[in-house]
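A short worksheet on the structure shown next.
Values reported hereafter were calculated over all heavy atoms of this structure, with side chains retained and with hydrogens, waters and symmetry mates removed.
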Amino acid sequence: MVLLRQLLGDVLRQLRLRQGRTLREVSAAARVSLGYLSEVERGQKEASSELLSSICKALGVPLSHVLREVADSLALAELQHEPVMAGAPEHERIPTERIPETPEEITGEFRGDMVAA
């Protein structure tokens with residue numbers, strides 16, 4: 001199951017590590033507690049837009065860049081047919097139906113005039 005908060009946390013952690021910075025440094029610059037930033041990075045807490053903006057500013061990265069990376073990760077998960085937001089109510093879930101592969105699966109019967117490609 002892929003959760004948006006986990007993808008966001010992964011992106012924030014990757015950005016911080018690429019800069020060679022510690023949680024302590026970024027939490028101080030963002031004016032957020034070390035423990036809370038750690039929970040956001042681990043996908044255990046959902047950060048508000050204000051907090052995300054503060055973290056991005058501390059990292060020197062536009063919020064739009066972070067959200068774009070999260071969107072790319074989410075798109076990749078969808079392409080890999082992982083159930084996105086599997087914990088969501090049934091009416092909000094993305095269908096994961098299998099695409100029929102043969103003429104028989106499409107029509108539910110075999111027809112002699114159909115030739116498999």
Side-chain angles (χ1 to χ4, degrees):
M1 166 173 55
V2 177
L3 295 175
L4 188 59
R5 69 175 182 253
Q6 290 173 332
L7 295 174
L8 181 59
D10 289 344
V11 168
L12 292 172
R13 182 184 307 107
Q14 289 169 4
L15 288 168
R16 178 179 60 78
L17 292 175
R18 278 188 223 144
Q19 295 177 7
R21 298 177 67 191
T22 65
L23 273 170
R24 187 172 309 282
E25 291 169 341
V26 176
S27 69
R31 295 183 176 217
V32 61
S33 77
L34 178 76
Y36 196 81
L37 179 58
S38 175
E39 288 179 310
V40 168
E41 282 193 1
R42 288 181 281 138
Q44 295 178 337
K45 294 284 185 184
E46 293 199 28
S48 68
S49 57
E50 293 86 358
L51 181 63
L52 283 176
S53 179
S54 182
I55 294 169
C56 289
K57 188 174 183 179
L59 290 169
V61 179
L63 178 58
S64 60
H65 175 80
V66 170
L67 295 177
R68 203 169 14 259
E69 285 197 34
V70 170
D72 290 347
S73 295
L74 183 58
L76 182 59
E78 289 173 340
L79 287 174
Q80 293 173 342
H81 299 291
E82 288 190 46
V84 177
M85 292 182 56
E90 185 66 34
H91 69 279
E92 292 179 5
R93 292 185 192 178
I94 296 173
T96 58
E97 299 168 354
R98 194 172 78 75
I99 298 172
E101 296 177 4
T102 66
E104 294 82 25
E105 290 178 325
I106 295 169
T107 64
E109 62 184 44
F110 178 75
R111 290 183 26 202
D113 61 334
M114 297 179 113
V115 178

Inset, instruction - With sequence neighbours excluded, tell me which residues meet side chain to side chain donor-acceptor pair (under 3.5 Å) with E25. - result: none
Inset, instruction - Not counting sequence neighbours, which residues clear side chain to side chain donor-acceptor pair (under 3.5 Å) with R21? List them please. - result: Q19
Inset, instruction - Please name the residue in the list V40, L51, V26 that meets the side chain to side chain contact (heavy atoms under 4.5 Å, CB included) test with V32. - result: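 Going through V40, L51, V26 one by one, the side chain to side chain contact (heavy atoms under 4.5 Å, CB included) with V32 is satisfied by L51 alone.
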Legend entry - Name of the residue among R5, K45, E46 meeting side chain to side chain contact (heavy atoms under 4.5 Å, CB included) with E39: K45
Inset, instruction - Kindly indicate whether the side chain of V11, heavy atoms from C-beta on, has any atom under 4.5 Å from the side chain of L7. - result: no
Inset, instruction - For the residue pair L52 and L8, establish whether any side-chain heavy-atom pair is separated by less than 4.5 Å. - result: yes
Legend entry - Counterpart residues, salt bridge (Lys or Arg N to Asp or Glu O under 4.0 Å), relative to R13 (two or more places apart): D10, E41
Provide the closest heavy-atom pair for [X] versus [Y] in the form atom of the first, atom of the second, distance.
| X | Y | result |
| --- | --- | --- |
| S54 | A30 | OG-O, 2.5 Å |
| R16 | L23 | NH1-N, 3.5 Å |
| V66 | C56 | CG2-SG, 3.6 Å |

Inset, instruction - For R42, look at atom CZ and say whether over 12 heavy atoms of other residues, nucleotides or ligands are found less than 6.0 Å away. - result: yes
Legend entry - Within one Ile-Leu-Val-Met-Phe-Trp-Tyr cluster: L17 and I55, side-chain cutoff 4.5 Å: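 L17 does not cluster with I55.
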Inset, instruction - Working to the nearest 0.5 Å, report the span between OG of S64 and CD of E69. - result: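 With rounding to 0.5 Å, OG (S64) is 10.5 Å from CD (E69).
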